[in-house]
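As structure tokens, the structure follows; a few thoughts come after it.
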Number of protein chains: 2
Amino acid sequence: MPKLWNETIEAHRDAVRAATLDAAAELVAEHGPAGVTMSQIAKATGIGRATLYKYFPDIDTILTAWHERQVRSHLEELARVRDRAESSERLEAVLTAYAVLSFQHPRSDLAGSLHRADHVSQARQHLHGFIRDLLVEAAAAGDLRTDVPAAELATYCLHALTAANTLRSKAAVRRLVAVTLSGLRR
Amino acid sequence: MPKLWNETIEAHRDAVRAATLDAAAELVAEHGPAGVTMSQIAKATGIGRATLYKYFPDIDTILTAWHERQVRSHLEELARVRDRAESSERLEAVLTAYAVLSFQHPRSDLAGSLHRADHVSQARQHLHGFIRDLLVEAAAAGDLRTDVPAAELATYCLHALTAANTLRSKAAVRRLVAVTLSGLRR
DNA sequence: CGGGTAATAAGACACTCTGTATCGCAAAAA
DNA sequence: TTTTTGCGATACAGAGTGTCTTATTACCCG
């Protein structure tokens, strides 16, 4: 995409990387994860195919990088929601925000199509830790059940709330959050 | 696999189809969904590559068929569990069985790697309907919350319980079922 | 302003996989 | 036996891959 170098070389390379991930995401949305080729990505990014190989060695790496970027940006959004909410409403606010994100970005999972992704993406582990810490905090306030480790409750939350991407209305998403929350209470 | 024809021609073709799905599943477990080729599947099945094309037009169809078979077999198992359990314990028994299946077969989802799969597999819709009917029955007994449609509760259950495939002990699976169940009650 | 540096586009190349067609072979059926 | 029918093997063109080479262009420094 960028024809002229921005400021430094590294900034230019970052811009190319970002443009590549954008192009790849669009192609995946159009043809599915399996129907995307390096040639298509290079053309859509506006760079040569050989140049693309100097940035990413294969499609799997590109999709993994895109997935990581997506999860990381969601994580930052959730951190903002957490810091903005009162302590007593923090958990509900964050879980609602996560469900809404899943609802609006049904493509963010990619789940099975990545084989090399260490079987659990780095960013997803951060996400899990983030929710777990939130649950520990809520447990200290005495609102949560204590017969299940916080880590397992976090896993439960993340899976239950991804159901949001199959729902059709925001009202349904809110109901899903309510149901999930009531599973956490004693 | 079978070199001589079994009974009828159709039985022979069924045997070849089944052997193909078995071989494909094994290759997927080994190389991931993206790393499997028609050539490999043909060789692993023990048939010629051209012959494989007379059974399945492409890899996507093979993986979809395998996924459907897997879900269907799980569905039959769940139906047996349902019919064996007392009415009062049916829901818990079936959800536990589903969680244990997810726990033992982490590969059954395939989630993102299928593009053509009507975006929701046929068998998975049956599974959703199966759970939904079970929830309607339990609601009639008065144990369930009534502020959320049964279909949404079924979606919630299926997603929450797939978390079982990331857990490490059966005890954790039982805790997950307990948490999920308490989300269903009022 | 001109030379050196670095990233690139374009093309070539060998390789693999794909999807299809053809040709005999062997086993079941008439 | 003769006729079907499924099959393995092979060939073929098209597409994608991963690597390499060459010429071009933009930037930086003296």
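FYI, side chains are in, hydrogens and waters are out, and symmetry mates aren't considered; it's all heavy atoms of this structure. Fair warning: this is a prediction, and the values are worked out from it, not measured in the lab. So that the names make sense, note that chain A is the first sequence line, chain B the second, and so on, each numbered from 1.
- One can place CD1 of A:Ile41 at 11 Å from P of D:dG18, the figure rounded to the nearest angstrom.
- What separates CG of B:Leu27 from P of C:dC17 is a distance of 12 Å, to the nearest Å.
- Among all heavy-atom pairs drawn from B:Ala164 and B:Leu176, the shortest one is N-CD2, 3.5 Å.
- Nucleotide D:dT17 holds its P atom 15 Å from the CZ atom of A:Phe56, rounded to whole Å.
- OP1 or OP2 of C:dT8 has at least one side-chain nitrogen or oxygen of A:His12 nearer than 4.0 Å.
- In this structure, B:Asp58 atom CG and D:dA15 atom C1' are separated by 16 Å, rounded to whole Å.
- Atom CD1 in B:Ile47 sits about 14 Å away from atom C1' in D:dA9, given to the nearest Å.
- Atom pair B:Gln40:CD and C:dT18:P shows a separation of 8 Å (rounding to whole Å applied).
- When rounded to the nearest whole Å, the span between OH of A:Tyr53 and P of D:dG16 equals 11 Å.
- Comparing A:Ala50 and A:Ser39, the nucleotide of DNA chain D nearest to each residue sits closer to the 5' end for A:Ser39.
- Distances shorter than 4.0 Å separate none of the side-chain N or O atoms of A:Thr37 from OP1 or OP2 on D:dA15.
- Counted by atom type alone, A:Arg186 and B:Ser182 present zero donor-acceptor pairs between their side chains at under 3.5 Å.
- Counting any heavy atom pair closer than 4.0 Å across all strands shown, B:Tyr55 reaches sugar-phosphate atoms only and no base atom.
- A donor-acceptor contact under 3.5 Å is formed by the side chain of A:Arg49 with the base of D:dG18.
- To the nearest angstrom, C1' of D:dA9 lies 15 Å from CG of B:Leu52.
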